[in-house]
Amino acid sequence: MMKQRLIYLTTVLCSILFLLVGNWIASDDMPQFEGIYQDRSVVARVEGILSRQSAAQEIGGIRYGRGTNILFAAEILDGEEKGQLVTAIQNVDPESPTQLREVKAGDKIILAYNPVEGAEVVWMLGEYVRTDALAVFGLIFAAALVLFGRRKGLNTLLSLGFTCLAIFVVFIPSILSGKNIYLWSVITCVYVIAMTLLIVEGPNQKCLCASIGCCAGLAVSGGLTLLCDHFLQLTGMVDENAMYLKYLVEDDPIDLKAIIFAAILVGAMGAIMDVAMSLASSLCELHEKAPECPAPVLFSSGITIGRDMMGTMANTLVLAYIGSSLSLTLLLVAYSRSTVALLNREMIVVEILQALVGSAGILLTIPLTSLISAIIYTRASRHHESAAPPAAPQDLPPAAEKDCGQL
């Protein structure tokens, strides 16, 4: 127990060190991107509605503009103007596809500073503050996770926090600063796998088996991505966001094909880790219930369990990628007259590639995790039996023999 606690604390300290040092290295020479966006916004609370007036104006007998302008008073809650009461405006256009609902007293909003020459009102409604509701949902999720998982629930929250920090504090800065995306995506994935399994599961046989299976699955996913990149002739221009990213740093453009590699690797990592850990845990439980079963039987059982997992996890990957870009997929299908042209669009090809490569990684993870688990679990049992003092000979109970034979 003391050894496990020591390894747990060491993992946490190493994770903190990885985040600090990784951020320092990854952020080195990262541009500040100053002057790209001049948006200035503050958080405010609506105090009351001042007036409502038509937004249409008549110039030369022609009416311009539409909708209604709502003037309201708001108190700024942050920044240099904190505590000040300002007048802001919201344009309500019923025909706008992204129209926000009308403000009312008590709403917590984001005001955008938009000075226009000759205008008396320089603050406009930007967005509603949605992070408060998200924080409540997050706290409910965390409470449910701890209530159900107890100590493992707490460890899950801790590993989830380290994972998010690794992505936003280390991985993303490394991309923006022009580092090797292939290398840093692999470093991030290996760190997340090792940290998650050690914190959630601890230093045991299941952790070792799942780690080996995860690394093998990721290696297959990365290799297939590089191979398919050559044959599919990808450019990385999957949408307009990729174009903006391409010219974010004009002197040293970001490698968009490397972004695809990183997206596939990070996206497949969660599913591969899930399969490897579930399979290693299942075989460990099976071995504890029937310790007399030999390695071939455990391996065969792992393959059988893995087949069932493979069917559902492949669907999970496909549905997750389709769901994440459903709106754009609907538009492409609606405006594409040729199915062949649609299926050859790079965005669709990349989505399909992500699902196929992730499924291929899972496909290799299953037999390798099963094999490693069968060898390690049975070898550990033989080691304990040889180290234990000799006992009186005892026949195997018929029930246990029957169970072992049916596996």
[X]: which residues meet the side chain to side chain contact (heavy atoms under 4.5 Å, CB included) condition with it, sequence neighbours left out?
X: I259; answer: I175, I181, L245, I254
X: L20; answer: I16
X: D308; answer: none
X: I76; answer: V42, D78, E81, V86, W123

Could you tell me whether the side chain of [Y] reaches within less than 4.5 Å of the side chain of [X], counting heavy atoms only?
X: L218; Y: I272; result: yes
X: N69; Y: R52; result: no
X: C293; Y: H287; result: no
X: L158; Y: V12; result: yes
X: C189; Y: V266; result: yes
X: L232; Y: L353; result: yes
X: K179; Y: P173; result: no
X: M195; Y: T163; result: yes

Any salt bridge (Lys or Arg N to Asp or Glu O under 4.0 Å) involving [range]? Give me the pairs, sequence neighbours left out, ordered by first then second residue.
range: residues 154-166; result: none
range: residues 210-228; result: none
range: residues 145-166; result: K152-E201
range: residues 127-145; result: K108-D132, E127-R130

Between [atom1] of [X] and [atom2] of [Y], what distance do you get to the nearest 0.5 Å?
X: N155; Y: T11; atom1: CG; atom2: OG1; result: 10.5 Å
X: N91; Y: M124; atom1: CG; atom2: CE; result: 7.0 Å
X: C209; Y: I376; atom1: SG; atom2: CD1; result: 3.5 Å
X: L279; Y: C284; atom1: CG; atom2: SG; result: 11.5 Å
X: S51; Y: F72; atom1: OG; atom2: CZ; result: 11.0 Å
X: L19; Y: C14; atom1: CG; atom2: SG; result: 11.0 Å

Tell me every residue that passes side chain to side chain donor-acceptor pair (under 3.5 Å) with E346, counting only those two or more places apart in sequence or in another chain. T235
Strictly by ring pair (Phe, Tyr, Trp, His ring centres under 6.0 Å), give each pair with a member in [range] just once, sequence neighbours left out.
range: residues 124-172; result: none
range: residues 248-280; result: Y182-F261
range: residues 199-223; result: none

Minimum heavy-atom distance between [X] and [Y], given as atom pair plus value:
X: A268; Y: G358; result: CB-CA, 3.9 Å
X: E47; Y: L85; result: CG-CD1, 3.6 Å
X: S185; Y: A262; result: CB-CB, 3.9 Å
X: L364; Y: A216; result: CD2-O, 3.9 Å
X: A280; Y: Y377; result: O-OH, 2.9 Å
X: A276; Y: A210; result: CB-O, 3.6 Å

Test log, rule side-chain contact (heavy atoms from CB on, under 4.5 Å), inputs S373 and F299: CA-CA 8 Å; S373 299; F299 175 75; over 6 Å; no
Ignoring hydrogens and angles, tell me if any N or O in the side chain of [X] forms a donor-acceptor pair with the backbone of [Y] under 3.5 Å.
X: S27; Y: W24; value: no
X: T196; Y: I193; value: no
X: D107; Y: V46; value: no

Show, in sequence, the C-alpha distance, side-chain angles and deciding distance for Y8 and L198, and conclude whether the side-chain contact (heavy atoms from CB on, under 4.5 Å) test is met. CA-CA 7 Å; Y8 180 90; L198 284 174; over 6 Å; no
Does the pair E102/K104 count as a salt bridge with the N-to-O cut at 4.0 Å? no
